[in-house]
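Below: one structure, written as structure tokens.
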Amino acid sequence: MKFISLLYKGGFIAIALTGAMAPLPLPAAVPVYLNDEKNIEERIEDALSRMTLEEKIGIIHAQSKFSAPGVPRLGIPELWCTDGPMGVRPEVLWDEWEQAQWTNDSCTAFPSLTALAATWNPEMAYLYGKSIGEEARFRNKSVLLGPGINVYRTPLNGRNFEYMGEDPYLIARMAVPYVKGVQSNGVAACVKHFALNNNEINRHTSNPIVDDRTLYEIYLPSFKAAATEGEAWSFMGGYNLFRGEHASYNPILMNDILKGEWNWDGAVISDWGAVHDTESAVKGGLDMEFGSWTNGLTNGRSNAYDNYWLATPYLEGIRSGRYSEDELDDKVRRVLRLTFRTAMNRQRPWGSMVSDEHKQACREIGEEGIVLLRNENNILPVDASKVKKIAVVGENAIKMMTVGGGSSSLKAAYEITPLEGLRNRFGKDIEITYSRGYVGDTTTSYNGVVTGQNLADSRTPEELRAEAVKAAREADMVIFIGGLNKSDHQDAEDSDRYSMELPYGQDALISALREANPNMVVVNISGTGVAMPWANKVPGIIQAWYLGNETGNALASVISGDTNPSGKLPYTYYASLDQVGAHKMGEYPGHPSIDNLGNEVMDMPYNEGIFVGYRFTDKNKLRPTFPFGHGLSYTDFAYGDVFVPKVMKKDASAIEVTVPVTNTGDRKGKEIIQLYVRDIKSSVERPVKELKGFSKVELEPGQTEQVTFKLGRDAFSYFDADRHEWVMEPGDFEILVGASAGDIRSKATFRAE
């Protein structure tokens with residue numbers, strides 16, 4: 001028996017044929033594929049040859065807020081996108097941002113990508129991508145708009161919580177498995193925002209001024225890894241400009257680098273409303289235009305999508321001879337390739353939604369990403385034999401955090417708050433009281449999604465503080481749960497923070513609570529670093545991120561010691577903005593300017609160059625509150641001597657580095673061993689050290705493991721902008737291995753010939 005597959009709008013139908021049966025007659029325009037289907041490239045050319053000019057134009061722009069039309073006549077289905085990257089967005093109306101009020105579109109809200117990066121565990125990244133991809137597939141989405149992998153340049157960036165930290169190597173190693181996990185479901189990852197989308201303030205007019213060396217060493221490596229190693233099927237540009245042109249169709253970024261140097265074959269999708277003219281979009285490498293009523297159109301206008309820059313204006317330009325159809329065909333090929341890999345992929349699994357496996361994944365990632373920043377006198381984990389009453393204080397102990405923040409806002413199937421998690425874990429053994437302490441954001445809805453909470457509180461700040469201080473005095477221990485939220489000018493799209501300070505008078509409240517009861521732990525919930533003027537006075541500090549559905553359970557698991565914390569910071573925890581290159585050099589948030597077309601832009605020089613994050617604090621010998629890579633455990637780890645060959649021969653492509661690590665404590669735990677490289681004498685200025693390897697190992701008490709790193713020549717190279725190539729100079733290099741950028745345990749040198 002043989003099978004044929006018929007193309008139809010929703011995908012394929014398999015029909016069995018016997019030897020006595022004649023093939024069914026098919027419309028001449030519909031291609032037939034046997035079970036051993038043609039190569040995708042052949043299928044693309046076949047479909048392209050059958051498309052009219054109007055159909056080619058139709059397939060490269062939106063027909064609704066989140067979909068493109070495909071080619072119904074040829075059975076090429078619609079292409080549906082969904083916001084991520086931390087959960088599948090609820091369905092919205094055809095032409096509006098408001099929710100469609102479906103009752104079956106609740107999702108698993110996964111931890112923020114900062115939490116994922118803090119695991120320093122590529123296996124967690126793959127689990128994350130696979131799980132969220134399953135949810136997108138179950139909802140029949142073709143493209144998940146994520147992950148976001150822009151570099152933290154400033155702690156004030158409102159979208160930092162969507163990204164993976166400050167170091168290009170760490171981001172790359174976490175982004176690749178995330179992408180592969182998503183795409184294992186036949187759902188495209190859409191890597192964003194390519195590139196230099198490092199602030200939300202003035203995001204549509206921000207014009208980063210960046211030299212090539214900085215671009216290639218800091219801001220491109222994670223995107224290159226996602227494109228070449230992760231083989232991401234789609235990319236999204238940013239709203240910002242780069243060298244005078246918008247990122248979504250920047251010829252340097254999209255044509256020269258992404259599609260040229262990296263030989264990438266995917267489709268470039270615009271951010272919503274990021275396109276501003278037809279010619280630039282045509283020439284600059286954009287393949288699909290999505291938007292938010294671009295070209296000054298009014299909400300609800302029936303032909304809005306036909307008037308997009310890559311719609312009727314492009315069609316008329318081709319008919320008039322202004323544009324070549326060859327450029328259009330390249331865009332269509334890329335969109336068809338995306339469609340064949342996703343919506344027309346017959347091998348993709350069915351997916352699942354809010355499954356037990358996804359709940360478990362959410363919790364595991366959250367537990368492994370939580371960072372224990374400070375633990376004086378072993379105040380944690382909580383010992384129920386010694387602590388009989390805990391005073392929990394802070395709005396973030398009760399506020400649901402899955403709603404709000406911009407496009408990452410989710411309709412979570414459920415959300416366990418920190419207070420619920422602590423009571424679930426300790427309720428039988430420890431009395432837990434709750435005092436709000438401050439009133440911050442009482443918003444409980446966003447774009448039509450509501451939490452069902454009522455956070456209204458008419459008490460004065462003085463009354464709230466007095467109640468909390470009284471509760472602190474009467475308790476054996478205080479756990480303050482505060483930080484930021486998803487309000488504008490905190491962790492939210494389209495606005496940056498005003499400062500590093502905690503809002504709503506939290507610093508003063510923390511100091512008052514500490515004075516009332518020194519046995520205190522501060523749990524900071526945020527997606528970025530905050531100032532902690534009280535850091536050396538509070539014995540316990542936890543960085544808890546936004547942890548999604550299982551927030552309370554994950555947090556309680558770490559506080560109780562059921563889970564030994566193993567997360568480490570994916571960025572430097574600055575003491576003040578003076579420790580941040582972009583701010584110290586007076587470049588943020590930019591300087592008003594006029595571009596060559598007469599448009600107002602905000603020029604933003606990146607004069608700190610390659611010295612971002614720990615590279616800047618190292619160079620200037622600054623002492624941040626907590627260094628990059630910092631994170632404590634309930635056990636201890638000892639590092640032995642690093643072993644590295646004394647010489648790296650000129651013809652050698654890599655060297656092997658080993659270091660023994662021993663769990664010297666009394667409980668099982670995971671340690672993240674970080675390897676940094678230093679060029680001792682270089683012809684160009686280089687960082688004091690750069691992360692070039694890490695490994696997360698789990699060890700029983702007393703167990704030792706030899707941790708091995710293989711370092712290629714790229715680990716020791718810098719980008720020579722004049723030669724436009726990576727260069728490894730001969731000479732002496734130092735290998736530094738440690739528990740953080742500020743805690744180097746062992747060093748060794750070798751000579752490169």
Side-chain angles (χ1 to χ4, degrees), residues 151 166-173 210-222 224-225 261 572 581 606-622 627-629 639-660 673-695 706-753:
V151 169
E166 71 183 33
D167 185 81
Y169 181 84
L170 173 61
I171 300 170
R173 293 308 97 212
V210 187
D211 64 86
D212 272 1
R213 183 183 173 197
T214 299
L215 182 69
Y216 276 81
E217 289 193 19
I218 302 297
Y219 297 103
L220 292 186
S222 56
K224 181 179 181 181
E261 293 179 22
T572 302
Y606 281 38
N607 286 335
E608 75 276 19
I610 61 173
F611 297 99
V612 177
Y614 67 88
R615 291 167 170 83
F616 187 81
T617 55
D618 278 354
K619 176 185 177 182
N620 294 282
K621 299 180 180 178
L622 302 173
F628 171 79
Y639 289 61
D641 293 334
V642 173
F643 174 79
V644 60
K646 292 184 178 181
V647 177
M648 184 178 186
K649 299 290 187 180
K650 185 179 294 186
D651 59 351
S653 61
I655 61 169
E656 195 168 270
V657 177
T658 60
V659 60
I673 298 91
Q674 301 164 41
L675 184 151
Y676 297 84
V677 168
R678 174 179 172 232
D679 189 343
I680 295 175
K681 186 177 181 180
S682 174
S683 64
V684 298
E685 187 177 25
R686 301 194 67 176
V688 173
K689 61 180 179 292
E690 297 181 272
L691 182 73
K692 294 299 179 181
F694 62 88
S695 178
Q706 287 284 343
V707 180
T708 301
F709 300 92
K710 189 173 183 179
L711 302 178
R713 302 184 74 86
D714 58 325
F716 308 101
S717 300
Y718 71 90
F719 187 78
D720 187 320
D722 293 333
R723 294 160 61 180
H724 201 78
E725 65 182 24
W726 291 89
V727 175
M728 178 181 176
E729 294 182 319
D732 293 332
F733 288 86
E734 188 172 37
I735 303 294
L736 307 95
V737 176
S740 78
D743 185 11
I744 300 301
R745 304 285 185 89
S746 186
K747 303 177 183 179
T749 60
F750 74 94
R751 182 167 185 80
E753 294 183 341

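Hydrogens, waters and symmetry mates are skipped; everything else that's a heavy atom, side chains included, is used.
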To the nearest 0.5 angstrom, please state how far the [atom1] atom of [X] sits from the [atom2] atom of [Y].
| X | Y | atom1 | atom2 | answer |
| --- | --- | --- | --- | --- |
| Met648 | Phe716 | CE | CZ | 6.0 Å |
| Ser653 | Asp651 | OG | CG | 9.0 Å |
| Asp720 | Tyr216 | CG | OH | 12.5 Å |
| Glu753 | Lys649 | CD | NZ | 4.5 Å |

[X] side chain vs [Y] backbone, donor-acceptor pair below 3.5 Å:
| X | Y | value |
| --- | --- | --- |
| Asp167 | Tyr169 | yes |
| Lys689 | Ala741 | yes |
| Glu608 | Phe616 | no |
| Glu656 | Lys710 | no |

When you compare the side chain of [Y] with that of [X], does any pair of heavy atoms fall below 4.5 Å?
| X | Y | value |
| --- | --- | --- |
| Ser683 | Tyr718 | yes |
| Asn620 | Phe611 | no |
| Trp726 | Arg713 | no |
| Leu215 | Phe719 | no |

Item checked: Those residues that, when tested against Phe628, pass ring pair (Phe, Tyr, Trp, His ring centres under 6.0 Å) (two or more places apart) -> Trp120, Tyr614
Note to self: Strictly below 4.0 Å, N to O, side chains only: are Asp714 and Lys692 in salt-bridge contact?
What the structure shows: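 The answer is no: the pair does not qualify as a salt bridge.
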Heavy atoms only: give me the nearest [X]-[Y] pair and the separation to one decimal.
| X | Y | value |
| --- | --- | --- |
| Pro627 | Gly742 | CB-N, 3.7 Å |
| Asp212 | Ala721 | CB-CB, 3.9 Å |
| Tyr676 | Leu691 | CD2-N, 3.4 Å |
| Ala739 | Gln674 | O-NE2, 2.8 Å |
| Arg213 | Asp211 | N-OD1, 3.1 Å |
| Pro221 | Ala172 | O-CB, 4.2 Å |

Margin query: Tell me if the CG atom of Asp641 is crowded by more than 12 foreign heavy atoms within 6.0 Å.
Written below: no
Note to self: Using side-chain contact (heavy atoms from CB on, under 4.5 Å), reason through Arg745 and Val659 one step at a time and then give a plain yes or no.
What the structure shows: CA-CA 10 Å; Arg745 304 285 185 89; Val659 60; over 6 Å; no
Notebook entry, point to check: Is a side-chain donor-acceptor pair under 3.5 Å present for Thr572 with Glu166?
Noted result: yes
Item checked: Option passing side chain to side chain contact (heavy atoms under 4.5 Å, CB included) with Asp679 (candidates Glu734, Arg686, Glu685, Glu690) ->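 Single pass found, and it is Arg686.
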Next item on the list: Test Leu675 against every option in Leu711, Leu736, Val642, Val707 by the side chain to side chain contact (heavy atoms under 4.5 Å, CB included) rule and name the one that passes.
Entry: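 The side chain to side chain contact (heavy atoms under 4.5 Å, CB included) with Leu675 is passed solely by Leu711 among Leu711, Leu736, Val642, Val707.
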Check: Got a sec, which residues hit side-chain contact (heavy atoms from CB on, under 4.5 Å) with Val644, two or more places apart in sequence or on another chain?
Finding: Ile655, Val657, Ile735, Ala748, Phe750
